[in-house]
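Take a look at the structure below.
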Amino acid sequence: MEMVPSEENQLVLKEGMFWSCRQSIFDEMKKRFSQVENAAEEPRVLCIVQDTTNAKTVNERLTLNLPASTTLSKLFEDVAHKAGYVNGTFDLAWRKTGDMGPLDPSSEMSLTESGFEPGKRNFLQLTDKDGEQPQIASDESGTAGSSGLDDRQERFIGPLPRDCTVGCSSDYSSPSYSYSSILNKSDTGYVGLVNQAMTCYLNSLLQTLFMTPEFRNALYNWEFEESEEDPVTSIPYQLQRLFLLLQTSKKRAIETTDVTRSFGWDSSEAWQQHDVQELCRVMFDALEQKWKQTEQQQFSPLTADLINQLYQGKLKDYVRCLECGYESWRIDTYLDIPLVIRPFGASQAYGSVEEALQAFVQPETLDGANQYFCERCKKKCDARKGLRFLHFPYLLTLQLKRFDFDYTTMHRIKLNDRMSFPEELDMGPFMDVEDEKSPQTESCTDSGAENEGSCHSDQMSNDFSADDGVDEGICLDSASSTERVLKPKSSLTFELFSVMVHSGSAAGGHYYACIKSFSDGQWYSFNDQHVSKITQEDIRKTYGGSSGSRGYYSSAFASSTNAYMLIYRLKDPSRNAKYLDCDDFPEHIKHLVQREKESEEQEKRQREIERNTCKIKLFCMHPVKMMAMMENKLEVHKDKTLREATEMAYKLMELDGVVPLDCCRLVKYDEFHEYLERSYEGEDDTPMGLLLGGVKSSYMFDLLLETRRPEQVFQPYKPGEVMVKVHVVDLKTDTVAPPVSIRAYLNQSITEFKQLIAQATELSAETMRVVLERCYNDLRLLYVPNKTLKAEGFFRSNKVFVESSESPDHQVTFTDSLLWKLLDRHGNTIRLFVSLPVQSPGTNRTICQKVGGDPEECSEGSKGNRNSVETILEESTEKLKNLSLQQQQGSCTSDSQKSSDTSDFEHIESPSPSQELDSSVSAVVAVDNRELENRIRAAGGGTYSDPETQFPGEERSDSEVNNDRSTSSVDSDILSSSHSSDTLCNADSGPIQLANGLDSHSITSSRRSKANEGKKETWDTAEEDSGTDSEYDENGKSKAESYYLYFRAEPYAQEDGSGEGGQKCVLVHVDKRITLSAFKQNLEPFVGVTSTQFKVFRVYANNQEFESVRLNETLSSFSDDNKITIRLGRALKKGEYRVKVYQLLVNDAEPCKFLVDTVFAKGMTVKQSKEELMPQLKDQCKLDLNIDKFRLRKKTWKNPGTVFLDYHVYEEDINISSNWEVFLEVLDGPEKMKSMSQLAVLTRRWNPAQMKLEPFQEVVLESSSVEELKEKLSEISGVPLENLEFAKGRGTFPCDISVLEIHQDLDWNPKVSTLNVWPLYICDDGAVVFYRDSTEEPMEQSEDERNELMKRESSRLLKTGHRVSYSPRKEKALKIYLDGGPVKDPGQD
């Protein structure tokens, strides 16, 4: 008997259950709090994931901050959730750490056990898995079968917000709508197409054609004959291949580059967006022509005329007289029907496709002024004009004309009005079903104008040919019967299967296609590489228009994304085809499928090899090739051993036959620090993937292929060691030896480090001084014995200087010691290659050695010549000293000079002369110079010619004058006694101690300053200088202060032979803290003239030369092995500017011609500068000008500007700058410009009757009045004032323009009263004005004459460098080339 608990027992039981549940809840909460508390205390791992699967996401980063105990499998789940991918369809790999390959997605190891570092950033890469892109996770809340779909949650078929295509223009803003479902190819069964750049319109059409069974099957039945055509240029063959890949490929998306290449397109076409309807027409036309050219027409009659069989329809364009019933008509063919969205001038759009079709066939009445002339009535009568459909194609294409032109704004616009379209369209009501028969008809032999961009017109007779009644379409045959007969209504029903959608504006946007599969009736979205399922609701959203349920921001979507092209198929079970299965493919298609599969597998294998190939920089100090560090890239499979990789590197660096293979090894190397990190002893059989830390896109280190001689042994490099380059310093010879490399440990003491150096250099450790160079010019003496290298600041790669001797220099403070001075000089010394001018006396010495060569190898004769030259130079130095002493004796403020010869560091203090030498002293100097040059010429074997022959006045070309600055008239002052005041009176600032000119020598002025006594170091900006520094101050004192400098020079013969022909070079080692002024003074004995008589040009990488003119700046901007060119010529003084003078020839083909270089000075008048110019122009350019018969004017690039009047003063009235340029203009008569208030305008008459432009004439205006300009033009041309029209020229002088375009391209006769307002803006001299007689008619020309004139004008303007046309850039037309590509017109600009 079953016992029933009493009511009291039930109460107790329920109470116990309550307390038990309560306790379990508390326990669970306690456990959760404990986990949270433990998680808070647990270290966190920061993971930064870079998605490299897509070009659009490669710059995005996913950040996850996870507990250190998180497993790898959980990490993959979190990344998949955050990235929106399906877990298991992607890989995660290390980016810059040392772990191997991809991470294991199924591993239960914690992050710390897997190599993640808590508290640090751990960089990962999200990559494709097995060559396939990650599958995007489905949005389950938006599936088609979801019954609880929130009305506010819209499902949109359109561009993906995550990966918008490149083809989207800037006018298109991707809305935040989501697909109903986003599936991978494995789920949908379809493959996407990659957008090349802006080829979304092409992808949409290709997917539509692929999803058309009749088109796809016919294309498969066509067989390509390789013997007849190149497969690359065959459009049908490339389409066939593309369709096969779309049907059989396992990829997510495939490329369309082979198809576009067959179109004859290059890569630039990918960036041109076109209309999809235009592409459809052009591609169909190209396919037709290709198929008609093939010899297989008998193989497949359908293929030969496929486009017409499937897409072509017929309609009648008629006009019927309303009085007699007479009808005139013609028959047109069409491939698509253009439907107007909104009638012209109407504010209301058609609401549906049916309404638009009804409007398309609705006749209009011709009455009133538009009456029709009836041939039967022989008069104008009211008539009815319209279109009638006679034949519908099997595949009906409707174009919704959404692009229109707004005559109010004069811009193209897009009509985004709502237009609905049915899934099934009955075309029966739109056929020609009129019962009444025309009593008389007229057959039109001229097809007339086509309908707007969509109708083909054929010349046809009254009766249809036998081909008109084809089975693929619906035909109305009225040839023999008196009554039109229609096929059953069922044959006029079409079903929608493709909607091509445009999203954007009239300026650009994005195309995608919504296509229904005839296999399962499911709608899919083909949006470039993305294919997804959609529903009927998604199709209805492409109607366009606005919907109040979408919210405030939905209008952007509604107004920009809508259907543009609709394709229907006739519903006829007997005609409707199915897609061919792979088993039903023709044999040639099966072979093609096999080839494509093999190609795809080969690509996959190649990608797999690439994924497992380590690519790392490889360096090698080649023992033969100039002992230079060679660089290459080593690509080695991760499973290859170190021995195999060494052999590959050995061949890569071309060491075979140079060094034995067993004398080479690979070591880990840091190129930036020039540091050998470690060697791999005993790891010859270790895989490279393990040694390098896996396959990575980039490595933080490199590899060095190290070589040795057979008798040597490789030194082991252990991790943790530091490399030290040791330079041995010899105070006796003032030299720093090349480095010796040793390896040390950071925990070594200074004492141990000295012992290590002593073993390598055989120096005494007891007297050793070690100096560490931590960074540039930062020298630290290591004197604390027990201090470690790490504490002293040693790093991976270091440089130290060591000196070991019994010298008393040890007792001196380091910054005052000779060692510091020598190292300071060494750190600041640069090597410069100085090219000397041919005229330099110093260059006539016989150079017998290169740098480091042995002077004893010179011949005796050479020695004799050299010694005699040195003697002459020493004598000239004594004369310079004597001149300087004369200056000092003549000055009451002169100071005595002292010089010290104790070492190479000599102290020279520059004197400060208070006045220049008088003319007698200058004359003596000039004589002494000539005597010096003559003696050098005699001693040098006659290689130095007379100065007078070095500066001839013969005529030379502009290029020679422009390039050879050493022979300008300004430079001729060097050896001219008439300019003796500029010769040596300002030259010497002191008795410079000249050493032997040919031997290596040093000229220094003082011991170096302390390191903490910084000197001003500025960049050499000669080319940007607005002025020039003088070597002398306002009192005539030298600015070459007693700087501490080092200078050592030696002759240098160039290896490339460029120094032949008298051009010699000097290799200079100089302290870069030296000023340019002191540097020039030290070059004096080599140039042979004083520093004021030569110029210094810096040579850049592209061989461009810029003059360095700031004398008080240092050489800090120079670096080792920079090149310098010395040119003879007077150096600029303060307030002087070098000026280039060009001749302005307004009526020449080349209006700008270089003349001379000259010097203008501050405070000089224009007339004075013209006087200075005249002898130069006569000597160099053979221009003998009267000072009143030429003018100077401003030059702005090629444009002439302000006319300079004779009384204008430079720097007061005229702004002048360094490297200034001016125009010199020869005048036909006296100068007309008298004041700055006048305006000089260059005018040119245009003669339309003769189709030519007359020469320029200058007009000088007293004001900026347009009326005065027209009066002047009328006066010089004889054109009546009321008929005169003018326009301002465009572009740079001479504002050339084609005579075929000048009539309409210029803004003639602007409605302004003054010249200085828009659109003229003529405010300065030099403006170009064209004028004409408005009554003069253009010359009538035949087509041949016009073409000939066009060629002449194109040739003329091409020579002058001006554009042939100023027309704005036009939109590029869409073309498909059947011969492989366009042929560029060589005459085009």
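Everything numeric here is computed off the predicted structure, so don't read it as measured data. We count residues from 1, following the sequence as given.
- For Gln238 (side chain) and Pro231 (main-chain N/O), a donor-acceptor pair under 3.5 Å exists by modelled atom type.
- Partners of Asp670 under the salt bridge (Lys or Arg N to Asp or Glu O under 4.0 Å) rule, at least two apart in sequence or in another chain, are Arg796.
- Side-chain polar atoms of Glu721 and Tyr745 form a donor-acceptor pair below 3.5 angstrom.
- Side-chain contact between Gln196 and Thr257 is present, with at least one heavy-atom pair separated by less than 4.5 Å.
- Screening Tyr669, Phe701, Tyr675, Phe672 for a ring pair (Phe, Tyr, Trp, His ring centres under 6.0 Å) with Phe619, the sole residue that qualifies is Tyr669.
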Stepwise side-chain contact (heavy atoms from CB on, under 4.5 Å) test for Leu239 and Leu206: CA-CA 9 Å; Leu239 281 177; Leu206 291 177; 3.5 Å; yes
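- For the pair Phe714 and Gln712, the minimum side-chain heavy-atom distance is 4.5 Å or more.
- Looking at Arg61, its side chain never comes within 3.5 Å of a backbone N or O of Val49 through a donor-acceptor pair.
- Within the 4.5 Å cutoff, the side chain of Glu773 has no heavy atoms near those of the Asn798 side chain.
- Across Ile254 and Ser249, no two heavy atoms sit closer than the pair CG2-OG, 4.0 Å.
- Taking the charged nitrogens against the carboxylate oxygens, Glu603 and Lys251 do have a contact shorter than 4.0 Å, which makes a salt bridge.
- Remark: the backbone N or O of Lys120 is paired with a side-chain donor or acceptor of Asn122 at under 3.5 angstrom.
- You'll find the side chain of Phe123 stays beyond 4.5 Å of the side chain of Gln50, heavy atoms only.
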Determine all donor-acceptor pairs shorter than 3.5 Å in which one atom belongs to a side chain in residues 75-82; sequence neighbours excluded.
{"from": "Asp78", "atom 1": "OD1", "to": "Lys74", "atom 2": "NZ", "distance (Å)": "2.7"}
{"from": "Asp78", "atom 1": "OD2", "to": "Lys74", "atom 2": "NZ", "distance (Å)": "3.3"}
{"from": "Lys82", "atom 1": "NZ", "to": "Thr63", "atom 2": "O", "distance (Å)": "2.5"}

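- Scanning for salt bridge (Lys or Arg N to Asp or Glu O under 4.0 Å) contacts around Asp778 gives Arg774, with sequence neighbours left out.
- Side-chain atoms of Gln207 and Asn203 include no donor-acceptor pair closer than 3.5 Å.
- The minimum heavy-atom distance linking Pro67 with Leu111 is given by the pair O-CD1, 3.8 Å.
- The two atoms that bring Glu635 and Lys615 nearest to each other are CG-CG, 3.7 Å, heavy atoms only.
- Atom CZ of Arg605 has more than 12 heavy atoms from other residues, nucleotides or ligands within 6.0 Å.
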Stepwise salt bridge (Lys or Arg N to Asp or Glu O under 4.0 Å) test for Arg831 and Asp1121: CA-CA 5 Å; Arg831 183 174 64 178; Asp1121 297 336; 2.7 Å; yes
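- Between Arg708 and Asp662 there is no salt bridge, since none of the side-chain N atoms of the basic residue sits less than 4.0 Å from a carboxylate O of the acidic one.
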Worked verdict on Asn527 versus Ser525 for side chain to side chain donor-acceptor pair (under 3.5 Å): CA-CA 6 Å; Asn527 188 355; Ser525 166; 5.2 Å; no
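- At a cut-off of 3.5 Å, with distance as the only test, a side-chain donor of Asp266 or Ser268 sits close to an acceptor on the other residue.
- Between Phe526 and Tyr190, the distance from one ring center to the other falls under 6.0 angstrom.
- The salt bridge (charged side-chain N to carboxylate O under 4.0 Å, His left out) test with Glu706 is passed by exactly one of Arg665, Lys668, Arg678: Arg665.
- With Ser599 contributing its side chain and Arg595 its backbone, the two residues share no donor-acceptor pair below 3.5 Å.
- Two residues are said to be in side-chain contact when any heavy atoms from C-beta on lie closer than 4.5 Å; Lys633 and Lys617 fail this criterion.
- Side-chain polar atoms of Asp51 and Tyr85 form a donor-acceptor pair below 3.5 angstrom.
- A salt bridge is defined here as a Lys NZ or Arg NE, NH1 or NH2 lying under 4.0 Å from an Asp or Glu carboxylate O, and Glu674 with Lys725 meets this definition.
- Side-chain atoms of Thr788 come within 3.5 Å of backbone N or O of Ala791 as a donor-acceptor pair.
- Across all non-hydrogen atoms, the minimal contact from Leu703 to Met688 is CD1-CE, 4.1 Å.
- Applying the ring-ring contact (aromatic ring centres under 6.0 Å, His included) rule to Phe210 yields the partners Phe243; only residues at least two apart in sequence or on another chain are considered.
- Within the structure, salt bridge (charged side-chain N to carboxylate O under 4.0 Å, His left out) contacts touching residues 685-695 (residues at least two apart or in different chains) are Arg643-Asp685.
- When side chains are defined from C-beta on, Asp91 counts as touching Lys129, because their heavy atoms get closer than 4.5 Å.
- For the residue pair Trp271 and Ser267, the shortest heavy atom distance occurs at CD1-O, 3.6 Å.
- A donor-acceptor contact under 3.5 angstrom links the side chains of Glu681 and Ser679, judged on distance only.
- Using a 4.5 Å heavy-atom threshold, the side chains of Thr256 and Val194 count as separate.
- Note: Phe116 and Trp94 have tilted aromatic rings, judged against thresholds of 30 and 60 degrees for the angle between ring planes.
- Partners of His673 under the ring-ring contact (aromatic ring centres under 6.0 Å, His included) rule, at least two apart in sequence or in another chain, are Phe795.
- Around NZ of Lys590, the count of heavy atoms belonging to other residues, nucleotides or ligands within 6.0 Å exceeds 12.
- Glu269 and Thr260 share no side-chain donor-acceptor pair at under 3.5 Å.
- When side chains are defined from C-beta on, Gln715 counts as touching Arg743, because their heavy atoms get closer than 4.5 Å.
- By the 6.0 Å contact criterion, CG on Asp230 is enclosed, its count of non-hydrogen atoms from other residues, nucleotides or ligands being greater than 12.
- The minimum heavy-atom distance linking Val45 with Pro118 is given by the pair CG2-CA, 4.1 Å.
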